[in-house]
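Report on the structure given below.
Below, each value reflects all heavy atoms present in this structure, side chains not excepted, and no hydrogens, waters or symmetry copies. One is the number of the first residue; the rest follow in order along the sequence.
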Amino acid sequence: MNRNRRRILQGGSALAAVALAGPGMAAGRTPNSRLPDVHIELRAIRDEVTLRPGKPTAVWRYLGRLIAGDAAALQMEGGTYLGPTIRLSRGQRVRIELSNELPEATTIHWHGLHVPDDMDGHPRHAVAPGGRYIYEFTVLNRAGTYWYHAHPHGRTGSQVYRGLAGVLLVSDDEESTLALPRGGYDLPLVLQDRTFDADQQLVYPASDESNTMMNGGGMHGGAMMSRSAMANMMARMMGVLGDELLVNGRLSKDLEVLPRAYRLRMVNGANTRTFKLAWSDGSPLTVIGTDGGLLDRPLEREYLMLAPAERVDLWVDFGRWAPGAQPVLRSLEFDGGMTMGGSRLPDGSQFDVLKFAVLKGDRSAAREPPQRLAHLPGAQPQSAINAGLPKVFDLTMRMMAWGVNGRSFNMLQVSPEETVKLGTHEIWEFRNEGQDSMMGMVMAHSMHIHGVQFRVLKRQVSSSFAAAYRTVSAGLVDEGWKDTVLVMPGERVQVLVGFVDYPGLFLYHCHMLEHEDAGLMRNYLVQA
C-alpha cells in the first residue's frame, strides 16, 4: 500500500499533483501500527431491495462489517438501500476499508468531518473496480449529525441516486451530559426523492452522453441532439428531481411515536431538491443543532429551509398532540428560481414529507429541551486575514457548463484565490447573481466546503430577487457551525472559514449533485 504524495508544480496557477489509485491496488495510508478504536469494512456492491410492491429495485449500496470496536458503532437495517449508520465518538481512531465491487470507480466522502486530504474522498483518489482503499483518521468533530456518500468526478449524482450514502453520528462528552432523547427516541431521517419506472427500477435521466455534449463533445456527425439527449443534458444542468419521497431509503410511511420528546436528525440526502419544512398545524419547529453539531441554545422557526446536504436536529415533543393525532411534517411552497421540470413534485411545491401517528404512552419524559445546549463562541470575522475584503466566488454558467469565477472543475487545478495558508481564517463570499450565465439563468445552489466547518456571517440579496427571497428567508438557519449553505438566486453569502486542521488539496462545490458533476466544483489548496 502506498501513501499518495502531494507536490506543488510551478506555473501560471498552482497545481497539486497526486498519484491516482491504480486498478486492483490497495490505496490510502499505510495502516497505523496502533490498533484503531473502530475498524469497519464497507463493501460497495450491486444489490436488489424491495422498495415498492412487485419486482425488487436494483440499487448500489454499502454493506458493512464491524471488524473491531463497540457493536453499536455499525448499525445495519433491512428494507433500505442506504448504507449502515456509523456511530463514532470524538477522539476515536477509525479505520474504514472500502472494497469496490461496482463496475465503475468510486470514493467515499465523509461529509462534514475534518480529515486529511487523502482521507476525504477526493475524486483523484477514485478506487477502480476490484480495488480497495483504507480510510484512517481520528475523529476531531464535535458531536453532531454527519453523513457519508460516493464522490467520483462526474458520477456523484448517479452513484448517490442509486443508493451510495449513509448516516454518520458523532458523540462527545459535552453532549453526553445533556438530557437529550436517546436510543429509539433519537431518529436520523434522511430525505431523498426518486423516480421509478413501471418495472420498479430507478430512473436517473442525467447520462454520460449528456455529460459529453456539455463538455465539448459536440453533435455527432453534425446531427441535431436527440430529444432524450437534450433531456439528459438539461438534467445535468438543472438537477434531478424524483416523483416520490423516500425517508431512510424507504417510501415514506406513517411513523408511530410515543407522546414524549424525540430528537429528529433531518438529513437532506436528495440530489437537487430543497425542502421548506413545517408542521401541518402551524406549530413552531424547535432547532437544537445544525451541520456541525448542537447550537448554544434552542431556537424556533415557523418553517425551515433544508438544502441538499444540510442537516438540522429538531426537538419535538409529540406529547403536545393528543393520542391518535397525526401531525404531518410538510414541505411548503417557495420560489427557488429556475428548476428542472418533469417531476410530479416540482421543486418549491407543497407536499407531505412524513406523517406521525401519536400513540398512547407515558408522559414522564422531559417536554422542553435544555435551554443551554453547548459552548458555542460567537463568530469572529476580525480573525480573518482578509477581514473587510472577502474573497469573491461567482457561481457561473459558461458554454453550458457550471463553474466558479468562470472555471469548471479540473482534477488538480487551483487558482491563486483558491490557495490558503494553514492556520489562518478567511472570509469567502459566494455570489449567485447570474454572472456569465446563459440566458441570464440563475438557480439556487447549495455550497459545501470540504474539510472544514464555517460560520455564516452575512446575507445580501438584490432587489430584483427580493420577492422570491421572502418566500424562504424566515426559514434560513445560519446559526452554529455549518459545512453547507444555501445561496439563493440574486444572493451574496459571506462565510468565515478556518483552515486549521490539515494541509492539502480539498474541494468546494455545489451539493446539488448534477451541478457538481457538470462543473460547479473546484479545488482549494491549504499550504503549510
Between [X] and [Y], a side-chain donor and acceptor under 3.5 Å:
{"X": "Q413", "Y": "E418", "answer": "no"}
{"X": "S89", "Y": "S171", "answer": "yes"}
{"X": "Y81", "Y": "E48", "answer": "no"}
{"X": "Y204", "Y": "E514", "answer": "yes"}

State, with a plain yes or no, whether a side-chain heavy atom of [X] is found less than 4.5 Å away from one of [Y].
{"X": "V452", "Y": "D483", "value": "no"}
{"X": "V312", "Y": "N268", "value": "no"}
{"X": "L376", "Y": "W481", "value": "yes"}
{"X": "E97", "Y": "H39", "value": "yes"}
{"X": "M266", "Y": "P188", "value": "no"}
{"X": "Y146", "Y": "I86", "value": "no"}
{"X": "R43", "Y": "S99", "value": "yes"}
{"X": "V353", "Y": "S252", "value": "no"}

For the [atom1] atom of [X] and the [atom2] atom of [Y], what is their distance to the nearest 0.5 Å?
{"X": "T195", "Y": "D243", "atom1": "OG1", "atom2": "CG", "answer": "3.5 Å"}
{"X": "L277", "Y": "L306", "atom1": "CG", "atom2": "CG", "answer": "5.5 Å"}
{"X": "L178", "Y": "L373", "atom1": "CG", "atom2": "CG", "answer": "6.0 Å"}

Practice prompt. Any chance you could lay out the ring-ring contact (aromatic ring centres under 6.0 Å, His included) test for Y133 and Y135, step after step, and finish with the verdict?
Written response: CA-CA 6 Å; Y133 199 99; Y135 297 95; 4.8 Å; yes
Closest contact, heavy atoms only, [X] versus [Y]:
{"X": "L66", "Y": "A73", "value": "CD1-CB, 4.3 Å"}
{"X": "A44", "Y": "L98", "value": "CB-CD1, 4.1 Å"}
{"X": "H149", "Y": "Y62", "value": "C-OH, 3.7 Å"}
{"X": "T57", "Y": "Q200", "value": "OG1-O, 2.5 Å"}
{"X": "L505", "Y": "N523", "value": "CD1-CB, 3.8 Å"}
{"X": "V170", "Y": "N141", "value": "CG1-O, 3.8 Å"}

Between [X] and [Y], is the ring centroid distance below 6.0 Å?
{"X": "F506", "Y": "F499", "result": "no"}
{"X": "Y524", "Y": "W428", "result": "yes"}
{"X": "Y502", "Y": "H114", "result": "no"}
{"X": "H511", "Y": "W147", "result": "yes"}

Item to complete: State plainly whether the residues R124 and D117 are in salt-bridge range, i.e. N to O under 4.0 Å.
Response: yes
Worksheet item: Is it true that R263 and E175 have a side-chain N and a carboxylate O under 4.0 angstrom from each other?
Response: yes
Fill in: Partner of W402 under side-chain contact (heavy atoms from CB on, under 4.5 Å), chosen from M521, M512, H515
H515
Angle class for the [X]/[Y] ring planes (parallel below 30°, perpendicular above 60°, tilted otherwise)?
{"X": "F430", "Y": "F393", "result": "tilted"}
{"X": "W110", "Y": "F137", "result": "tilted"}
{"X": "Y262", "Y": "Y185", "result": "perpendicular"}

Partners passing side-chain hydrogen bond (donor to acceptor under 3.5 Å, both in side chains) against [X] (at least two apart in sequence or in another chain):
{"X": "H509", "result": "H151, H450, E516"}
{"X": "D47", "result": "R61"}
{"X": "E174", "result": "none"}
{"X": "R142", "result": "none"}

Discussion item. Surrounding CG of D173 (heavy atoms of other residues, nucleotides or ligands, distance under 6.0 Å), is the total greater than 12?
Written reply: no
Practice prompt. Step through the shown structure and confirm whether more than 12 heavy atoms of other residues, nucleotides or ligands are within 6.0 Å of CZ on R46.
Written response: no
Item to complete: Step by step, work out the side chain to side chain contact (heavy atoms under 4.5 Å, CB included) result for R52 and F196.
Response: CA-CA 9 Å; R52 293 157 53 105; F196 296 85; 3.5 Å; yes
Fill in: salt bridge (charged side-chain N to carboxylate O under 4.0 Å, His left out) between E256 and K355, intermediate numbers included
CA-CA 9 Å; E256 294 183 338; K355 181 187 292 184; over 6 Å; no
Discussion item. What verdict does the side chain to side chain contact (heavy atoms under 4.5 Å, CB included) test give for R522 and Y508, after you've listed the backbone C-alpha separation in whole Å, the side-chain angles of each residue and the deciding distance to 0.1 Å?
Written reply: CA-CA 6 Å; R522 292 286 301 172; Y508 69 100; 3.4 Å; yes
Worksheet item: Considering residues at least two apart in sequence or located in another chain, which fulfil the salt bridge (charged side-chain N to carboxylate O under 4.0 Å, His left out) criterion with D120?
Response: none
Item to complete: Mind checking salt bridge (charged side-chain N to carboxylate O under 4.0 Å, His left out) for D501 and listing every partner two or more places apart, or none if nothing turns up?
Response: none
Item to complete: Let me see the working for D517 and R155 under salt bridge (charged side-chain N to carboxylate O under 4.0 Å, His left out), right down to the final yes or no.
Response: CA-CA 6 Å; D517 285 342; R155 301 291 292 169; over 6 Å; no
Discussion item. Using the side-chain hydrogen bond (donor to acceptor under 3.5 Å, both in side chains) definition, which of the options H109, K482, E310 pairs with H448?
Written reply: H109
Practice prompt. Might you work through the side chain to side chain contact (heavy atoms under 4.5 Å, CB included) test for L251 and E244, ending with a clear yes or no?
Written response: CA-CA 8 Å; L251 291 179; E244 297 187 57; 3.6 Å; yes
Worksheet item: Under the side chain to side chain contact (heavy atoms under 4.5 Å, CB included) criterion, do L345 and D193 qualify, and how do the steps go?
Response: CA-CA 9 Å; L345 296 177; D193 53 337; 5.7 Å; no
Item to complete: Go through T106 and N100 one step at a time and tell me if the side-chain hydrogen bond (donor to acceptor under 3.5 Å, both in side chains) criterion holds.
Response: CA-CA 7 Å; T106 191; N100 182 12; 5.8 Å; no
Item to complete: Please lay out, stage by stage, how H111 and Y148 fare under the test ring-ring contact (aromatic ring centres under 6.0 Å, His included).
Response: CA-CA 5 Å; H111 189 112; Y148 62 97; over 10 Å; no
